[in-house]
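Here's the structure we're looking at; comments come further down.
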Amino acid sequence: MAAATEVEMGLERRAYARVGLLGNPSDVYNGKTLSFTIADFSATVRLRPSPELLIQPHPHHDLVAFPSLPHLVSRLQSEGYYGGVRLLMAICKVFYNHCIQNNISLKAENFTLSYDTNIPRQAGLSGSSAIVCAALNCLLDFYDVRHLIKVELRPNLILDAEKELGIVAGLQDRVAQVYGGLVYMDFSKEQMDKLGHGIYIPLDVNLLPPLYLIYAENPSDSGKVHSTVRQRWLNGDEFIISCMKEVAQLALDGHRALLQKDYTQLARLMNRNFDLRREMFGDDVLGSVNIKMVEVARSVGVSSKFTGSGGAVVALCPDGEAQVELLHKACQEAGFVGCVLFLPTSECLKKTMW
């Protein structure tokens, strides 16, 4: 619960970028995943009381003024049509409807919402859901209803807001961002049908080895071909069903490997996760730039896989610092950005305030 003075002065809540370590994309297929949030990138939402309800456009991400028509076209080609305003509006609608449907009373006061983010666009780091998650945290505290909406259900609200906008995704990212840190998730059909959510187990982030992020500064080729995997899974395609079960098993095996700090096994599992995704989805769906990031890492013996559906790669250097230097050089030569991943401290994670 936020203090009254904090609400009066204005709330600020933060949600961090997410890295899918193992098991993705099986969260959409009643599977299991291991994910964690990183301190390198985050989204911040601010809420302050105001006479009217106002959603403030971001001066850069919601740009509506341009020097010329060519500038406008160039901007749309690189950034797309959408900023964060639609995300803030969607979570306000979903939050309000949830409260009405569950007889949760809300005070009759207005507010102004604004946001900022440094999460790279189209990098597979869950930038959109981070904005929605941070906004939901602001709403929970402004209306003092955090205790009335279970933490397990909050990822559903975030996903529902994104579904309002036609964003197709699973619960994995939202769970990681709601809980913060390292989380093991089980989305089995039995649990989802019974509880309306999965089984989420927060883990000690100190179980993780040093990990590295690789991403393209211009992620224009993120895989443009529509995937048929979902429909094939629904149709009972034995190959897809078998592969997706193995992908889910990787998360369970990875959970065990982390508890034992068996990083050699973890590296093997990460490589297998990517290989299975590639077998199921194919190169045209994955995109040549995304594949190249993985191949650059593997060229120096580094284990790697997508952080999400593409745009960035998480890497593990099993041979230590010498291999890190090789990876850094290989990324530079290939034109990719490479950096060490920093995990949010316990002090940072207090911002999530379950």
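For the residue pair Gly311 and Tyr215, the shortest heavy atom distance occurs at O-CB, 3.5 Å. The shortest heavy-atom contact between Met293 and Ala216 is SD-N, 3.8 Å. Closest non-hydrogen pair, Arg230 versus Val28, comes out as NH1-O, 2.7 Å. Smallest separation of non-hydrogen atoms from Ser68 and His71: OG-ND1, 2.6 Å. Shortest non-hydrogen contact noted between Ser304 and Ala297 is OG-CB, 3.6 Å. Across Arg48 and Gln56, no two heavy atoms sit closer than the pair NH2-NE2, 3.9 Å.
Test Leu203, Val183, Leu269 against Leu34 for side-chain contact (heavy atoms from CB on, under 4.5 Å) and you get one pass: Leu203.
Side chains of Gln265 and Arg268: a donor on one and an acceptor on the other come within 3.5 Å. In this structure, a donor-acceptor pair under 3.5 Å is absent between the side chains of Asn97 and Gln101. No donor-acceptor contact under 3.5 angstrom links the side chains of Asn137 and Arg154, judged on distance only. Donor-acceptor pairing under 3.5 Å is lacking for the side chains of Asp173 and Gln177.
Looking only at distances, a side-chain donor or acceptor of Asn24 sits under 3.5 Å from a matching main-chain atom of Gly308. Proximity of a side-chain donor or acceptor of Ser299 to a complementary backbone N or O of Val296 within less than 3.5 Å is detected. At distances below 3.5 Å, not a single donor-acceptor pair connects side-chain atoms of Arg18 with backbone N or O atoms of Gln172. A donor-acceptor pair under 3.5 Å links the side-chain atoms of Lys107 to the main chain of Phe142, judged by distance alone. One N or O on the side chain of Thr307 and one on the backbone of Gly124 form a donor-acceptor pair closer than 3.5 Å. A distance-only check finds a donor-acceptor pair linking the side chain of Gln323 to the backbone of Gly301 [under 3.5 Å]. The main-chain N or O of Gly23 is found under 3.5 Å from a side-chain atom of Asn273 such that the two form a donor-acceptor pair. Asp204 places a side-chain N or O within 3.5 Å of a backbone atom of Asn206 that can act as its donor or acceptor partner. Remark: side-chain polar atoms of Asp116 are not paired, donor with acceptor, to backbone N or O of Ala43 under 3.5 angstrom. In terms of modelled atom types and a separation under 3.5 Å, the side chain of Thr37 and the main chain of Gly181 share a donor-acceptor contact.
A 4.5 Å side-chain heavy-atom check between Tyr212 and Cys317 finds at least one atom pair inside the cut-off. Contact annotation: the side chain of Glu279 approaches that of Leu276 to within less than 4.5 Å [non-hydrogen atoms, C-beta and beyond]. With a 4.5 Å cut-off on side-chain heavy atoms, Asp319 and Leu326 do not count as touching. Contact check for Pro210 versus Val340: no side-chain heavy atoms found under the 4.5 Å cut-off. Using a 4.5 Å heavy-atom cutoff, the side chains of Val94 and Val132 are not in contact. Side-chain contact between Val178 and Cys133: present, with at least one pair of heavy atoms (C-beta onward) separated by less than 4.5 Å. Using a 4.5 Å cut-off on side-chain heavy atoms (C-beta onward), Met185 and Asp27 make no contact. Lys305 places none of its side-chain heavy atoms less than 4.5 Å from the side chain of Val294.
Here the CD-CG distance, from Glu164 to Leu87, works out to 12.0 Å after rounding to the nearest 0.5 Å. Arg278 contributes atom CZ, which lies 7.5 Å from atom CG of Leu286 (distance to the nearest 0.5 angstrom). Distance check: Ser35 OG to Tyr179 OH gives 13.5 Å after rounding to the nearest 0.5 Å. Distance CD1/Ile201 to OH/Tyr184: 6.5 Å, rounded to 0.5 Å. A distance of 8.5 Å separates CZ in Arg232 from SG in Cys243, rounded to the nearest 0.5 Å. Here CZ of Phe95 is found 5.5 Å from CG of Leu140. Values are rounded to the nearest 0.5 Å.
No path of Ile, Leu, Val, Met, Phe, Trp and Tyr side chains, each step under 4.5 Å between heavy atoms, connects Tyr96 with Leu54, placing them in separate hydrophobic clusters. Taken together through direct or relayed side-chain contacts under 4.5 Å among Ile, Leu, Val, Met, Phe, Trp and Tyr, Ile91 and Leu153 form parts of separate hydrophobic clusters.
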Cys92 vs Leu113, side chain to side chain contact (heavy atoms under 4.5 Å, CB included): CA-CA, chis, key distance, verdict: CA-CA 10 Å; Cys92 286; Leu113 275 182; 3.8 Å; yes

Check against side chain to side chain contact (heavy atoms under 4.5 Å, CB included), Val151 and Tyr200: CA-CA 10 Å; Val151 64; Tyr200 310 137; over 6 Å; no

Val45 vs Arg13, side chain to side chain contact (heavy atoms under 4.5 Å, CB included): CA-CA, chis, key distance, verdict: CA-CA 6 Å; Val45 173; Arg13 298 291 179 261; 5.6 Å; no

Candidate pair Ile149 and His98, rule side chain to side chain contact (heavy atoms under 4.5 Å, CB included), full reasoning: CA-CA 9 Å; Ile149 301 178; His98 177 84; 3.9 Å; yes

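When the shell of 6.0 Å around CE of Met192 is examined, it contains more than 12 heavy atoms from other residues, nucleotides or ligands. The number of heavy-atom neighbours closer than 6.0 Å to CZ of Phe239, taken from other residues, nucleotides and ligands shown, is above 12. For His328, the NE2 atom counts as loosely surrounded, since its 6.0 Å shell holds 12 or fewer non-hydrogen atoms of other residues, nucleotides or ligands. Residue Lys189 places its NZ atom among 12 or fewer non-hydrogen atoms of other residues, nucleotides or ligands, all under 6.0 Å distant.
Ionic pairing of Arg272 and Asp275 is not present here: no N-O contact between side-chain nitrogen and carboxylate oxygen is shorter than 4.0 angstrom.
Seen from the ring of Tyr29, Lys245 does not count as a face-on cation partner, given the 6.0 Å and 45° thresholds.
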